[in-house]
Amino acid sequence: MNSTSMQLSPVQLNPIGFVESPYDEKFSVPRQPNLVAEGKGILHLVPPYNSPDAVRGLEQFSHIWLMFQFHHIPERDWHATVRPPRLGGNERVGVFASRATHRPNLLGLSKVKLEEVVVENGEVYLKLGSVDLVNGTPIFDIKPYIAYADSEPDAVSGFAQDKPKRKLTVVFSEEAQQAVKFCQNFAKFGIKQPLTFIRDVIAQDPRPAYQQGKVSDRIYGMNLAGYNIRWKIENSEQVLVLSIE
């Protein structure tokens, strides 16, 4: 069947809920959920999907799949090829051979740990393990992770076979170390060690691939859990966190 002979009716996708996470902007989000252990999230279901019946039995699963929208990506024409950061931002691969955010449809899929299903005061929400989702991400569907079907120990993952190594060493100024003691928002997400959380986020080097490995006088800003984290590159391997405001 060719593309001209198949006519599909448009499908309206309605969010079933929204994610609350410490990542206030796309720049701070890790490229995979398991790279920052303390970067946890909460999925709040919305009516009419916030029924206890809709999540009955979900607590029996340790992990779930989330289908979501890249809602911080501006709509624009899609391109058949992209430059994955894991390839240094120079080599092109097909968009369908990547997990790039710029896609024909702004849809993503993420596997996350399910820590708890909470039903209280007419609200239904899921406490999640580490996520790669910006705060406010719309969720369109939830499916349980089924180990025997979803796990492929011998899978080949092209250019991303191995977990990326930390690219940067992160140190904190005295001002930043003192300021974090007064930052209460981190506890909301179950972040017990805010400095460790911030270090893990920045250590992955969230800069665009073409900037990585370079040193400049630029001061970078990153919003995490409602706080502005300001940092700079001291040398090709070390970052100094200047302040937490």
About how many Å separate [atom2] of [Y] and [atom1] of [X], when rounded to the nearest 0.5 Å?
| X | Y | atom1 | atom2 | result |
| --- | --- | --- | --- | --- |
| His72 | Phe27 | NE2 | CZ | 14.5 Å |
| Asn135 | Asn223 | CG | CG | 11.0 Å |
| Glu25 | Asn228 | CD | CG | 8.0 Å |
| His63 | Glu115 | NE2 | CD | 9.5 Å |
| Glu174 | Leu242 | CD | CG | 13.5 Å |
| Trp78 | Asn105 | CH2 | CG | 10.5 Å |

**Asked** Would His44 and Glu20 satisfy side chain to side chain donor-acceptor pair (under 3.5 Å), going step by step from the backbone distance to the final call?
**Response** CA-CA 7 Å; His44 297 271; Glu20 186 177 16; 2.9 Å; yes
**Asked** How far apart are the C-alpha atoms of Arg199 and Gln193, what are their side-chain angles, what is the distance that settles it, and do they pass the side chain to side chain donor-acceptor pair (under 3.5 Å) test?
**Response** CA-CA 10 Å; Arg199 179 183 295 114; Gln193 301 292 333; over 6 Å; no
Which heavy atom in [X] sits nearest to a heavy atom in [Y], and how many Å separate them?
| X | Y | result |
| --- | --- | --- |
| Lys232 | Ile219 | CB-CD1, 3.8 Å |
| Val82 | Ser98 | CG2-OG, 3.3 Å |
| Phe70 | Ala100 | CE1-O, 4.4 Å |
| Leu195 | Gln177 | CD1-CG, 4.5 Å |
| Leu128 | Lys40 | O-CB, 3.4 Å |
| Asn50 | Leu45 | CB-O, 3.6 Å |

Is the backbone N or O of [Y] less than 3.5 Å from a side-chain atom of [X], with the two atoms forming a donor-acceptor pair by type?
| X | Y | value |
| --- | --- | --- |
| Asp24 | Gly226 | yes |
| Asn121 | Glu123 | no |
| Arg92 | Thr81 | yes |
| Asp141 | Met67 | no |
| Thr137 | Val134 | yes |
| Ser21 | Leu133 | yes |
| Tyr145 | Val112 | no |

Going only through I, L, V, M, F, W and Y residues with side-chain contacts under 4.5 Å, is there a path from [X] to [Y]?
| X | Y | value |
| --- | --- | --- |
| Tyr49 | Val55 | yes |
| Leu58 | Val124 | yes |
| Val131 | Ile42 | no |
| Ile142 | Val119 | yes |
| Val46 | Leu126 | yes |

State, yes or no, whether a side-chain contact exists between [X] and [Y] at a heavy-atom distance under 4.5 Å.
| X | Y | result |
| --- | --- | --- |
| Val117 | Tyr125 | no |
| Trp65 | Pro144 | no |
| Ser110 | Phe68 | yes |
| Trp231 | Ile202 | yes |
| Leu43 | Phe18 | no |
| Arg230 | Glu245 | yes |
| Ile16 | Phe140 | no |
| Ser130 | Val36 | no |

**Request:** Begin with the C-alpha distance, continue with both residues' side-chain angles, and end with the deciding distance and a verdict on side-chain contact (heavy atoms from CB on, under 4.5 Å) for Cys183 and Ile244.
**Result:** CA-CA 9 Å; Cys183 297; Ile244 302 172; 3.9 Å; yes
**Fill in**
Which of Val180, Val170, Val171 passes side chain to side chain contact (heavy atoms under 4.5 Å, CB included) with Val241? Answer is Val170
**Request:** Count the heavy atoms of every other residue, nucleotide or ligand shown that sit under 6.0 Å from CD of Glu237, and state whether that count exceeds 12.
**Result:** no
**Asked** When the ring centroid of Phe189 is compared with that of Phe197, is the distance short of 6.0 Å?
**Response** no
**Asked** Run the side-chain contact (heavy atoms from CB on, under 4.5 Å) check on Ile198 and Leu224 step by step: do they pass?
**Response** CA-CA 8 Å; Ile198 296 169; Leu224 293 171; 4.2 Å; yes
**Prompt:** Does the side-chain contact (heavy atoms from CB on, under 4.5 Å) test come out yes or no for His102 and Val95, once each step is laid out?
**Reply:** CA-CA 8 Å; His102 295 283; Val95 65; over 6 Å; no
**Asked** Does a side-chain N-to-carboxylate-O contact under 4.0 Å join Glu116 and Lys127?
**Response** yes
**CA sep, side-chain torsions, deciding dist, call: Ile139, Val19, side-chain contact (heavy atoms from CB on, under 4.5 Å)** = CA-CA 7 Å; Ile139 302 297; Val19 166; 3.7 Å; yes
